[in-house]
Structure formats: C-alpha cells, structure tokens
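Labels below follow one simple rule: chain letters A, B, ... track the order of the sequence lines, proteins then strands, and each chain is numbered from 1. What's counted below: heavy atoms across the whole structure, side chains too, no hydrogens, waters or symmetry copies.
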Amino acid sequence: MLRVYNTLTGSKEPFESMVPGKVRMYVCGVTVYDYSHIGHARSALVFDVLRRYLEYSGFAVEFAKNFTDVDDKIIKRATEQGVSCDQITATYIKAYYDDMDRLGVRRATLEPRATEHMADIVALVETLVAKGMAYRVEGDVYFEVDRYPMYGRLSKRKRDDLQAGARVDVDERKRHPMDFALWKGSKPGEPSWDSPWGPGRPGWHIECSAMAMRHLGETFDIHGGGMDLIFPHHENEIAQSCGATGKEFARYWVHNGFVQINQEKMSKSLGNFFTIREIFDKSEWPDAVTGEMLRYFLLSTHYRSPLDFSDQSLAEAKNALNGLYDLFERLKEPAPAHGAADEHMREANTRTRQAFVEAMDDDLNTPNAIATLQKLRCEANKALEAGLSAQGRRAVRDEFRSLGSVLGLLQPDQWQFKRQKADEGSGVRGALANILSDDEIAGKIAARLAAKQSKNYALADQLRAELAAEGITIEDRPDGTSRWKR
RNA sequence: GGCGCCGUACCCAAGUGGCUAAGGGAGCAGUCUGCAAAACUGCGAUGCGGCGGUUCGAACCCGCCCGGCGCCUCCA
C-alpha cells in the first residue's frame, strides 16, 4: 500500500482514496508568461510519476493541472512586447506542451484555465463575501484571515509570527497584513471581467480553489505542487476553500523539492535557471534520448530532496541508461528454446517487481525503484551468459517495460533510441542528421568482417576507427559478427 | 526575529535503531577478445560533518557545535 508524505500532518501516511478505486488529484501548473525551466520539469515529472504509479496500482485517476493565464506577470510581459495577453498565454501554453511532450510527461485528464472559469471564481468570492469571510475595499475583495482560525496549519506558521517578519508595503486598507486579494479591480487596458464589485480579475489563489472544486468536488484526495507553494499559495487556498465550504479541501498535500544550481535554489529572480528547451537544444542526442536522460536524472533523487542540476549529472544518467539499453540489444538476439538460467530469471523478475513496488509504495522512492531495475539488469546479463531462452528474454524485457512505464522510462517506442536520426534542427543535432546511413554502416561492418577473416587487422581497425569518428561503436559477438550502436 | 531542511565513498544517491552501509557514474585489476567494445568477477567508506549523551546496540534517537540551504515577498 502506498504511503505518502502529507505536508498537512508532517508525516508519511497510508494513502486511502475517498472513493475506492478512484483518485482525484489537483496539481498547480504554471503561469504561462515564459518558458518552463528544469524546476517546472521536476514538479511536472513528480506528479506524472505519482499519477502513473496510482494507475499502476489500480486506481482510476482524475488528474487536474491548471494553467494560470491571468496574472500580473502576463500583463507585464504583454505590455513589454506590445502584444495581447492572449498571444502571450497561447505562445507559452504551446511551449509548455512541447516541453512536456519531449519529457514524456503525459497530459492531465483535465487542464483548466483561469480565464475559462470566471463564473466559478466570481461565485466563490461571492460566497466568501456573503459568509463574512471576505470584505470589499473599493474594487478589490480581500480574504480576511482572522475569520479562518486554522490559518497557518499547512505551513505551520502563526499569524503573529508572520506579522513579525519584515513586510514590504503593507496595504493600509487591509484589516490584517496577511489578508490576500480574492479579486482585483482592473486598471484601464488590463484584461477584466464583470463582477458584483466592478470590472476586475481574480487574485492568484482563488482560481485554483474554484477550478479544483468545479472539477474534483469540494473535497478531493491529493493536492500537489512545488514546496514554494506551501506558503502562501496553498495556505490561502485552504483558507478560502474551507472557509467557503466548511469542509476539508484536499486530504493529502504533496510537495516536491527544488532543483538547484551549485547548491542554490534555481529561480527566475536569481537568474540562475535553465529552461527545458535549452537543455534539449544543446543536447547532442535526439529528443527521445534527452528526454529519458532528464527523466532518469530527475527521478534518481527522492522527490522531496533538493537536487543539483549539472551537465555531469545528466551525463551520468545517460551512462546509467546505456547499460540498460545495451542489455536490451543483447536480449533481442536469437536464442535457444531452453536456457539454463530460465528458472532463475523468472525468480529475479518476480523479486524485482516486489522490490520495485515496495520502493514506490514508500512515498515514491524512485531512487530505490531505479536501483531495483539496475539489479535486474545485472541478473539478466548473468542469465544471458549462463543461457537464457527466447521466452526468458522476452519475459525480462517485458518486466523492464512494465516497471519502466511507471517511471516513464525504457518504453518500447524508445527502444531503438540510439538509432534514431536526430531530427532537423541546427547545431550539433543538425550535424548528426547528416551522418552515415544504416546501409553505409552495414557496408563498413561487412568490410571489416572480411578484413578480420583474412587477418588484415590493420584494415579492420581502420574501418572501426572510421565508424568511431562518426560516433558509432562496434561490439563483436562471439561468433564473429558485430552489432553496432550510436 | 519566526518556521523548516540538508551534510553518507572521487562524484551522484538510498538507507533513519540491530544481518556484510543499496544502486548508479568514474577509477583500478582480472576474465573474454587479434586488439577493442560490451558483459562478468574482484578492489574501493572499520565508517555515515564534529563532539558529547541515551541504549545491550545508532549513520539512524537527544543535546551542543561546525558547514550549506530554503520559506516567511512573485516563484515548481
């Protein structure tokens, strides 16, 4: 049974869904005013894996991930570039999808946008006003934190402690410095929607409450996001949602840790971030490979721990993955009907599956889960040496494919990944597209084999060197034939 | 000032009270090979930031210290 760390209680808890066999989860997506960076990739990936694992465990998952498409930063960006907010959001929503596709992050089942839920948002604010939990100041509406006694329970903060902090320009019109905007009256030229308080737009937090409740109900199972959202975003979501309904909002709060650069938080404000597309574009590998490298790297650390990004760590992920794909190549070779290691292999498969599930059940311990796959790789290699039947080979391969799918790794459509041509593009990847064709490679390999047979090793080595110069590695089989890889 | 996190081998990273401290990467040695590549085998922390304490027993619990970081303001 899955146990997850719940930020609300500060401990790992057994996961039990409200409705048996069905999970409803909401994850805070991105504000679409710029390209996504690796931090966004990690968050998206963590919840992609949580979703995949819940499905693997037999749950039907309703998964909502929003796009914040009304926001100060979007307005600012639009003004700077002299285009409409719609153009900005359309551009970056498309970019987000492109990035996620390259990472192999599956679409959520629901992807609501704030601009499409204005009626829900306005209705929710009206409820809060009617209940006396929100107050109006000119064209703005604020949530009054003093009306929600449990305020601070997620972030484990007390209102007074927060007050003690050095606060920037406290709005004198607010009754308490922590009160936050539910609705903001809009200035001329800004996007606006009609409301009982005049034309305006929603505050940051209210959209998530409105959309989550609209699609998942007043109480649902899991709410997730990056750790930096715990306060104030999620704290405020809880206050306004529970305030409005009198019911619990989300039952499990799951938060992922940061990606860092040189031990420092990567963030826009520090300017030390890498965008996802930047990583792909400078990679010398095709998208499928780079995406899998990134996934492996991001999942090789537990989701709640900080994770330092570097070229070296990415390269290590690549090398670790290579060992797996080398094995898969070997598994594809012709094999006998019976093998001495068949029985042992079957046991190893079963053991691995159990260990994998155990690791994932423990608050999504993906590093451990990956370790079980690496152990299986070692077992399979040994089995190949001892003798593994065609059926035995297929069984291990299926095991890797099945468990790998939970992590979004080692998938069938990516099996041939080393042989894929880099798609059109520029730079290194463009250059790769012009390299030797498979036929040319096969020709050189045949020539080398002939040279070897006539003991002309100088020529054989030269041919091998020519291939190596094109990034092609040859592996000789015991029978004298060769396989190759890029 | 308030709240919280982290420090495990050359690098990355699990483990959080008790068998030989997972796994990966890099390295070295060996087997195989015409030579390679891949694979396999072996080597690699008597110790888990430091010092005390609790315990029959601690990397794991407690205290102090050192070092690094996060949140409290938009932020995955």
Side-chain angles (χ1 to χ4, degrees), chain A residues 10 27-31 33-34 36-47 71-73 76 152 155-158 160-169 178 204 224-233 235 255-260 262-270 273 296-297 300-302 304-308 310 312-324 326-327 329-330 355 359 362 365-375 377-378 380-382 384-386 452 455-458 460-461 464-465 468 472-478 480 482-485:
Chain A
V27 171
C28 290
V30 289
T31 301
Y33 73 103
D34 203 350
S36 301
H37 55 60
I38 320 174
H40 298 114
R42 185 180 195 193
S43 185
L45 189 53
V46 164
F47 294 103
D71 176 84
D72 290 350
K73 289 188 289 274
K76 182 163 174 256
S155 54
K156 316 278 186 285
R157 286 163 219 266
K158 300 189 184 93
D160 295 342
D161 291 342
L162 290 165
Q163 215 171 350
R167 294 195 50 76
V168 201
D169 61 337
M178 287 282 85
W204 176 33
M227 295 200 115
D228 48 354
L229 296 182
I230 295 173
F231 189 90
H233 186 52
E235 194 68 63
H255 295 96
N256 65 276
F258 292 121
V259 175
Q260 311 181 323
N262 295 325
Q263 327 280 11
E264 277 195 326
K265 174 184 175 180
M266 179 174 74
S267 72
K268 300 239 167 123
S269 33
L270 288 172
F273 62 91
Y296 191 101
F297 160 67
S300 63
T301 297
H302 184 83
R304 285 190 284 116
S305 301
L307 166 101
D308 221 82
S310 67
Q312 189 198 328
S313 48
L314 208 53
E316 285 184 5
K318 172 76 171 75
N319 289 340
L321 236 16
N322 269 349
L324 262 350
D326 284 340
L327 165 66
E329 287 303 313
R330 245 165 279 131
D362 183 19
N365 194 331
T366 52
N368 254 342
I370 288 174
T372 67
L373 297 179
Q374 290 289 356
K375 281 182 189 165
R377 174 184 64 89
C378 187
N381 273 319
K382 283 186 211 172
L384 280 174
E385 247 175 50
K452 277 175 66 180
K455 302 252 191 277
N456 185 351
Y457 294 123
D461 288 350
R464 184 169 62 196
I472 289 152
T473 310
I474 289 176
E475 289 176 25
D476 290 345
R477 299 189 182 91
S482 309
R483 73 172 82 84
W484 60 274
K485 61 183 179 184

>> Taking the minimum atom-to-atom distance to the side chain of A:Asn368, which one of B:C40, B:A76, B:G15 wins?
In response: B:G15

>> Nearest to the A:Lys452 side chain among B:G34, B:A13, B:A76, which nucleotide is it?
In response: B:G34

> Expressed in angstrom and rounded to an integer, what is the separation of A:Lys76 atom NZ from B:C74 atom P?
Replying inline: 15 Å

> What distance, rounded to whole Å, do you find between the two C1' atoms, one in B:A38 and one in B:C10?
Replying inline: 24 Å

>> Please identify which of these residues, A:Gln260, A:Met266, A:Arg42, A:His302, meets the side-chain contact (heavy atoms from CB on, under 4.5 Å) condition with A:Leu307.
In response: A:Arg42

> Atom CG of A:Leu327 and atom P of B:A38: how far apart are they, to the nearest Å?
Replying inline: 14 Å

>> What I want to check is whether an N or O donor and acceptor connect the side chain of A:Arg304 with the base of B:C5 at under 3.5 Å.
In response: no

> In whole angstroms, how far is the P atom of B:C74 from the CD1 atom of A:Ile230?
Replying inline: 15 Å

> How close or far is atom P of B:C40 from atom CZ of A:Arg330, stated in whole angstroms?
Replying inline: 7 Å

> What about A:Glu316, does its side chain sit under 3.5 Å from the base of B:G24 through a donor-acceptor pair?
Replying inline: yes

> Could you give the NZ-to-C1' distance, from A:Lys375 to B:G15, as a whole number of Å?
Replying inline: 11 Å

>> Taking the minimum atom-to-atom distance to the side chain of A:Arg464, which one of B:U73, B:A36, B:A76 wins?
In response: B:A36

> Out of B:G23, B:G70, B:G34, which nucleotide sits closest to the side chain of A:Phe258?
Replying inline: B:G70

> Under 3.5 Å, is there a donor-acceptor pair linking the side chains of A:Asp476 and A:Ser482?
Replying inline: yes

> How is A:Gly29 classified with respect to the nucleic acid when contacts are heavy atoms under 4.0 Å: base, sugar-phosphate, or nothing?
Replying inline: sugar-phosphate

> Which of these nucleotides, B:G24, B:A76, B:A13, is closest to any side-chain atom of A:Pro367?
Replying inline: B:A13

> Across the strands shown, which category fits A:Thr301 at heavy-atom distances under 4.0 angstrom: base, sugar-phosphate, nothing?
Replying inline: sugar-phosphate

>> Restricting to non-hydrogen atoms, name the atom on A:His233 and the atom on A:Cys28 that form the minimum distance, rounded to 0.1 Å.
In response: NE2-SG, 3.5 Å

>> Counting the atoms with a prime plus P, OP1 and OP2 as sugar-phosphate, which does A:Asn365 contact under 4.0 Å by heavy atoms, base, sugar-phosphate, or nothing?
In response: sugar-phosphate

> Whole Å only: how far is the CZ atom of A:Phe297 from the C1' atom of B:G23?
Replying inline: 16 Å

> Closer than 4.0 Å, any side-chain N/O of A:Asn381 to the OP1 or OP2 of B:C40?
Replying inline: yes

> Atom CG of A:Asp362 and atom C1' of B:G23: how far apart are they, to the nearest Å?
Replying inline: 16 Å

> Ignoring hydrogens and angles, does a donor from either the side chain of A:Arg42 or the base of B:A76 sit under 3.5 Å from an acceptor on the other?
Replying inline: no

>> Between B:G52 and B:A13, how many Å separate the two P atoms, rounded to a whole number?
In response: 29 Å

> B:G67 and B:A58: how far apart are their C1' atoms, nearest whole angstrom?
Replying inline: 22 Å

>> Assess whether a salt bridge exists between A:Glu475 and A:Lys485, defined as any Lys/Arg side-chain N lying under 4.0 Å from an Asp/Glu carboxylate O.
In response: yes

>> Does B:U41 have its OP1 or OP2 closer than 4.0 Å to a side-chain nitrogen or oxygen of A:Lys382?
In response: yes

>> Take N1-N3 plus N6-O4 or O6-N4 for Watson-Crick, N1-O2 plus O6-N3 for G-U, both under 3.5 Å. Which runs of 3 or more such pairs involve RNA chain B?
In response: B:1-7 with B:66-72, B:10-12 with B:23-25, B:27-31 with B:39-43, B:49-53 with B:61-65

> Considering only the C1' atoms, how many Å lie between B:G49 and B:U55, rounded to the nearest integer?
Replying inline: 23 Å

>> Heavy atoms from C-beta onward define the side chain here; which of B:A14, B:C72, B:A76 lies closest to that of A:Phe231?
In response: B:C72

> Looking only at atom P, what distance separates B:G7 and B:G44, rounded to whole Å?
Replying inline: 25 Å

>> What contact category does A:Met266 fall into here, base, sugar-phosphate, or nothing, at under 4.0 angstrom with non-hydrogen atoms?
In response: base

> Quick one: which of B:G2, B:G34, B:C74 gets closest to the side chain of A:Lys73?
Replying inline: B:C74

>> Counting only side-chain nitrogens and oxygens, does A:Asn456 get under 4.0 Å of the OP1 or OP2 atom of B:G34?
In response: no

>> By nearest atom, which of the nucleotides B:A22, B:C69, B:A76 is closest to the A:His37 side chain?
In response: B:A76

> Touch check for A:Glu475, heavy atoms < 4.0 angstrom, all strands: base, sugar-phosphate only, or nothing?
Replying inline: base

> Which one, B:A76, B:A14, B:G24, comes nearest to the side chain of A:Arg377?
Replying inline: B:G24

> In whole angstrom, what separates A:Asp228's CG from B:C5's P?
Replying inline: 17 Å

>> Please give the distance between the P atoms of B:G27 and B:C11 as a whole number of Å.
In response: 15 Å

> Considering only B:G15, B:G25, B:A76, which nucleotide approaches the side chain of A:Asn319 most closely?
Replying inline: B:G25

>> Please give me the minimum heavy-atom distance between A:Ala359 and A:Ala369, naming the atom from each residue.
In response: CB-N, 3.6 Å

> Is A:Arg157 positioned over the aromatic face of A:Phe231, cation under 6.0 angstrom from the ring centre and no more than 45 degrees off axis?
Replying inline: yes

> So, is A:Lys265 near the phosphate of B:A76, with a side-chain N or O under 4.0 Å from OP1 or OP2?
Replying inline: no

> Expressed in whole Å, how much space separates the P atoms belonging to B:A14 and B:U8?
Replying inline: 11 Å

>> Work out how far the C1' atom of B:A9 is from that of B:G47, and round it to whole angstrom.
In response: 10 Å

